[in-house]
Amino acid sequence: MSDTERLVVVDEIRQFMAQYVSYADRKQFDRLSQLFAPEATFTIHDPQGAQVMRMTGPKEIEDVITTSVGDATAIHHLFSFTTEVHSPVAASSTVAMEDWIDGSTLKVRGYGHYHGEFAKVDGSWRIEKFVQTRLRTDVLS
């Protein structure tokens, strides 16, 4: 691949992740779930490294996120990222993130990273594996 082709893929992944957080913040969980491949996994770890949750497939991811967020307002920020382009149709990326969830039963602010493995299928990027690691979680009152 040329440098230009690699830069195109890097920008596509950046745009893809921006769409991911846009769907999450607007509670469009049905659209968010469509960003995942049929056999995708989404795993969440706490600041101590313990696995808190593991979801498989778009439907389970949509159902769990819908239930977890509930009435809360969710705000996600994405910061620096690194993307490794494996081919024109495969990439992995680590994105620094912060999220704020403010609801009647769930009030947290978290800091950490998304680690994603992506595949381009029929011209569209999909998440094959997504891992959220936390560096810190603040429970808000």
Query raised in the report: Taking it one step at a time, do Phe16 and Leu35 satisfy side-chain contact (heavy atoms from CB on, under 4.5 Å)?
Result: CA-CA 9 Å; Phe16 180 88; Leu35 300 177; 3.7 Å; yes
Find the distance between [atom1] ([X]) and [atom2] ([Y]) and round it off to the nearest 0.5 Å.
X      : Y      : atom1 : atom2 : result
Thr73  : Arg26  : OG1   : CZ    : 14.5 Å
Ser22  : Gln15  : OG    : CD    : 11.5 Å
His113 : Gln132 : NE2   : CD    : 11.0 Å
Ser93  : Arg14  : OG    : CZ    : 11.0 Å
Thr137 : Tyr111 : OG1   : OH    : 9.5 Å

Taking the side chain as C-beta and beyond, is there a heavy-atom pair between [X] and [Y] under 4.5 Å?
X      : Y      : result
Lys59  : Phe36  : no
Leu106 : Val69  : no
Ile127 : Phe118 : yes
Ile13  : Phe81  : no
Pro88  : Met1   : yes

Report task. Please report the C-alpha distance between Tyr20 and Leu32 in whole Å, then the side-chain angles of each, then the deciding distance to 0.1 Å, and finally whether the side-chain contact (heavy atoms from CB on, under 4.5 Å) criterion is met. Result -> CA-CA 6 Å; Tyr20 172 89; Leu32 181 135; 3.7 Å; yes
Report task. Take the angle between the ring planes of Tyr114 and Phe130 and call it parallel below 30°, perpendicular above 60°, tilted in between. Result -> parallel
Transitive ILVMFWY side-chain link [X] to [Y], under 4.5 Å:
X      : Y      : result
Ile44  : Leu78  : yes
Phe42  : Val108 : no
Val85  : Val89  : no
Ile101 : Met55  : no
Phe29  : Val64  : yes

Requested in this report: Determine, step by step, whether Glu98 and Arg109 satisfy the side-chain contact (heavy atoms from CB on, under 4.5 Å) criterion, reporting the C-alpha distance in whole Å, the side-chain angles of both residues, the deciding distance to 0.1 Å, and the verdict.
Outcome: CA-CA 7 Å; Glu98 171 187 12; Arg109 191 168 202 165; 2.7 Å; yes
Output the rest of the hydrophobic cluster of [X]: all Ile, Leu, Val, Met, Phe, Trp and Tyr residues reachable through side-chain heavy-atom contacts under 4.5 Å, sorted by chain and number.
X      : value
Leu7   : none
Val121 : none
Trp100 : Ile75, Leu140

Query raised in the report: If every non-hydrogen atom of Ala37 is compared with every non-hydrogen atom of Arg126, which pair is closest and at what distance?
Result: N-CB, 3.9 Å
Requested in this report: Quick one: closest heavy-atom pair of Ala24 and Ala74, and the distance?
Outcome: O-CB, 4.4 Å
Requested in this report: Dump the intermediate steps for side chain to side chain donor-acceptor pair (under 3.5 Å) on Ser104 and Asp71, then the final yes or no.
Outcome: CA-CA 7 Å; Ser104 59; Asp71 71 342; 2.8 Å; yes
Requested in this report: Take Tyr23 and Ile65 through the side-chain contact (heavy atoms from CB on, under 4.5 Å) test and state the conclusion after the steps.
Outcome: CA-CA 12 Å; Tyr23 289 154; Ile65 292 173; over 6 Å; no
Query - Exam field: side chain Lys27 to backbone Thr66, donor-acceptor pair closer than 3.5 Å - result: no
Query raised in the report: Is the backbone of Thr56 close enough, under 3.5 Å, to the side chain of Glu60 for a donor and an acceptor to pair up by distance?
Result: yes
Query raised in the report: Does any pair with a residue in residues 132-141 pass salt bridge (charged side-chain N to carboxylate O under 4.0 Å, His left out), and if so which ones, sequence neighbours excluded?
Result: Asp99-Arg134, Arg136-Asp138
Query raised in the report: Are side-chain N/O atoms of Arg6 and Ser2 paired as donor and acceptor at under 3.5 Å?
Result: no
Requested in this report: Apply salt bridge (Lys or Arg N to Asp or Glu O under 4.0 Å) to Lys120 and list each qualifying residue two or more places apart in sequence or on a separate chain.
Outcome: Glu12
Query - Of all pairs that satisfy side chain to side chain donor-acceptor pair (under 3.5 Å), the ones with a partner from residues 33-48, not counting sequence neighbours - result: Ser33-Glu62
